Peer 1: 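Okay, here's the structure, questions in a sec.
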Amino acid sequence: MNLTTNNITNESTVTGIVMQDYRTSNVFSKYHISYCCGGKIALQTACDIHKIEIETIKKELTDVMRVIQVSSSINFNNWSLDFLVDYIVNVHHSFLVINFPETTDVLKRFAEGHQTKYPWLGELIESFNLLYGELLPLIAREEQVIFPYIKQIGHAQQRNEPYAGLLVKTLGKPIALMIKEEDEFVGKYLQRFRDLTDNYTAPPNACITQKVALSKLKELDADMVQHLHIENEILFPRALQIEKELL
């Protein structure tokens, strides 16, 4: 589902644009433009109806379709603790804060007209909401408590401060618990998403909203897998090693 920016014209249909790149659905939702059953109209017509400058929406569509890829050759182990923490906050945490409300909205709209056809939708939405509710407090705790502490002990080690050992607050136990809890509850929910949606596979007769919902869940899944890998396999073990050295 990718679309080159050159393919968007005034005559492109809203549904056609979303069919080729599900991320454009965010832009249409922002302007209350239907992209499902009522989206088989030209982009220019949709803009005229909603009194939107077509060049404005074209620019926003272009922006969301940009492909930003992190090379597999990047070695996160070589990054400083500061940069690693900032990367997690500005990339993965920011993604979740934006993606969760958007996906919640799409799932709700999909369920409104398809609950009878897909009985598993109720369990999917319930599991999604539970994951959402558990992750937000965890993200807040990391940003307000865990990450600042990791940066602090990292700086102390780099500067070889004589009283660096006094900074250590035995973070080992909280980190060990966080790793265990995250792996268990996030893994449980992601696996449930995969099972209920047949690994995010849309049936042949799926509507656009269903395809968008599944694509957003698949994107969330992939982001969470990398997110937890960077935290639990790289950042937290390095923080624990610094604690040992400072002590």
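When reading the values below, keep in mind they use all heavy atoms of this one structure, side chains included, and skip hydrogens, waters and symmetry mates. What you are looking at is a predicted structure, and each value in this text was computed from that prediction instead of being measured.
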Peer 1: By salt bridge (charged side-chain N to carboxylate O under 4.0 Å, His left out), which residues pair with Glu231, not counting sequence neighbours?
Peer 2: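 Per chain and number, Glu231 pairs via salt bridge (charged side-chain N to carboxylate O under 4.0 Å, His left out) with no residue.
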Peer 1: Do Tyr22 and Ile98 land in one hydrophobic cluster if side-chain heavy atoms of ILVMFWY residues count as linked below 4.5 Å?
Peer 2: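 Unlinked, Tyr22 and Ile98 end up in two clusters.
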Peer 1: Who pairs with Ile125 by side chain to side chain contact (heavy atoms under 4.5 Å, CB included), at least two apart in sequence or on another chain?
Peer 2: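 Ile125: side chain to side chain contact (heavy atoms under 4.5 Å, CB included) contacts with Leu107, Ala111, Asn129.
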Peer 1: Heavy-atom count check: over 12 atoms from other residues, nucleotides or ligands less than 6.0 Å from Lys58 NZ?
Peer 2: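 Yes, enclosed.
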Peer 1: State which residues pass ring pair (Phe, Tyr, Trp, His ring centres under 6.0 Å) with His155; sequence neighbours excluded, sorted by chain then number.
Peer 2: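 His155 satisfies ring pair (Phe, Tyr, Trp, His ring centres under 6.0 Å) with no other residue.
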Peer 1: So, for Ile242 and Ile153, which heavy atoms are closest and what is the spacing to 0.1 Å?
Peer 2: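 Smallest heavy-atom distance, with atoms named: CG2-O, 3.7 Å.
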Peer 1: For Lys151, check salt bridge (charged side-chain N to carboxylate O under 4.0 Å, His left out) against everything at least two apart and list the hits.
Peer 2: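 Listed in chain order: Asp86.
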Peer 1: Output all residues satisfying side chain to side chain contact (heavy atoms under 4.5 Å, CB included) with Glu60, sequence neighbours left out; order by chain, then residue number.
Peer 2: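 Listed in chain order: Val27, Lys30, Tyr31, Thr56.
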Peer 1: Is any side-chain heavy atom of Leu220 less than 4.5 Å from a side-chain heavy atom of Lys216?
Peer 2: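 They are not in side-chain contact.
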Peer 1: So, applying side-chain contact (heavy atoms from CB on, under 4.5 Å) with Val18, which one of Leu61, Ile208, Ile33 is it?
Peer 2: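 Single side-chain contact (heavy atoms from CB on, under 4.5 Å) partner of Val18 among Leu61, Ile208, Ile33: Ile208.
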Peer 1: Mind checking whether Val97 and Val106 sit in one hydrophobic cluster, side chains of I, L, V, M, F, W, Y counted as touching below 4.5 Å?
Peer 2: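 Result: no, two separate clusters.
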Peer 1: Within the structure provided, determine whether Tyr132 and Asn99 are in side-chain contact (heavy-atom separation under 4.5 Å).
Peer 2: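 They are not in side-chain contact.
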Peer 1: What is the distance from atom OG of Ser29 to atom CG of Asp105, rounded to the nearest 0.5 Å?
Peer 2: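 If I round to the nearest 0.5 Å, the distance is 6.0 Å.
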Peer 1: If you define the side chain from C-beta out and look only at heavy atoms, does anything of Ile8 sit under 4.5 Å from Thr24?
Peer 2: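 No, too far: nothing below the 4.5 Å cut-off.
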Peer 1: Mind checking what makes side chain to side chain contact (heavy atoms under 4.5 Å, CB included) contact with Glu123, not counting sequence neighbours?
Peer 2: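 Side chain to side chain contact (heavy atoms under 4.5 Å, CB included) list for Glu123, sorted by chain: Ser127, Arg192, Leu196.
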Peer 1: Hey, are the side chains of Tyr35 and Ile17 touching, using non-hydrogen atoms and a 4.5 Å cut-off?
Peer 2: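 Answer no - side chains too far apart.
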Peer 1: Among residues at least two apart in sequence or on other chains, which ones pass salt bridge (charged side-chain N to carboxylate O under 4.0 Å, His left out) with Glu233?
Peer 2: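 Salt bridge (charged side-chain N to carboxylate O under 4.0 Å, His left out) list for Glu233, sorted by chain: empty.
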Peer 1: May I have all residue pairs that pass side chain to side chain donor-acceptor pair (under 3.5 Å) and include part of residues 137-147, sequence neighbours excluded?
Peer 2: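 Only His93-Glu142, His93-Glu143 qualify under side chain to side chain donor-acceptor pair (under 3.5 Å).
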Peer 1: Phe83: which residues meet the side chain to side chain contact (heavy atoms under 4.5 Å, CB included) condition with it, sequence neighbours left out?
Peer 2: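 Partners of Phe83 under the side chain to side chain contact (heavy atoms under 4.5 Å, CB included) test: Trp79, Ser80.
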Peer 1: In the structure I gave you, are the side-chain heavy atoms of Tyr118 and Leu124 within less than 4.5 Å of one another anywhere?
Peer 2: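 No, their side chains stay 4.5 Å or more apart.
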Peer 1: Checking Lys59 now: which residues fulfil salt bridge (charged side-chain N to carboxylate O under 4.0 Å, His left out) with it, not counting sequence neighbours?
Peer 2: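 Testing Lys59 for salt bridge (charged side-chain N to carboxylate O under 4.0 Å, His left out), a comparison that skips the adjacent residues, returns Asp63.
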Peer 1: Less than 4.5 Å apart, any side-chain heavy atom of Val186 and any of Leu131?
Peer 2: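 Result yes, sub-4.5 Å side-chain heavy-atom pair found.
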Peer 1: A side-chain contact here means heavy atoms from C-beta on lying under 4.5 Å apart; do Leu84 and Arg238 qualify?
Peer 2: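 SC-SC contact between Leu84 and Arg238 confirmed.
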Peer 1: Within the supplied structure, the quantity of interest is the number of heavy atoms (other residues, nucleotides, ligands) at a distance under 6.0 Å from Glu53 CD; does it exceed 12?
Peer 2: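 No, the 6.0 Å shell around CD holds no more than 12 heavy atoms from other groups.
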Peer 1: Show me the pairs that pass ring-ring contact (aromatic ring centres under 6.0 Å, His included) and involve residues 185-217, at least two apart or across chains.
Peer 2: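 Matches after skipping sequence neighbours: none remain.
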Peer 1: Are the side chains of His227 and Leu96 in touch, meaning some heavy atoms are under 4.5 Å apart?
Peer 2: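 Result yes, sub-4.5 Å side-chain heavy-atom pair found.
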Peer 1: Measure the spacing between CE of Met65 and CG of Asp21 and express it to the nearest 0.5 Å.
Peer 2: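 With rounding to 0.5 Å, CE (Met65) is 6.0 Å from CG (Asp21).
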Peer 1: Going by the rule ring pair (Phe, Tyr, Trp, His ring centres under 6.0 Å), which residues pair with Phe128 if we only count those two or more places apart in sequence or in a different chain?
Peer 2: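 Ring pair (Phe, Tyr, Trp, His ring centres under 6.0 Å) list for Phe128, sorted by chain: Phe100.
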Peer 1: When rounded to the nearest 0.5 angstrom, what distance separates CG in Leu217 from CE in Met224?
Peer 2: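 Going from the CG atom of Leu217 to the CE atom of Met224 covers 13.0 Å.
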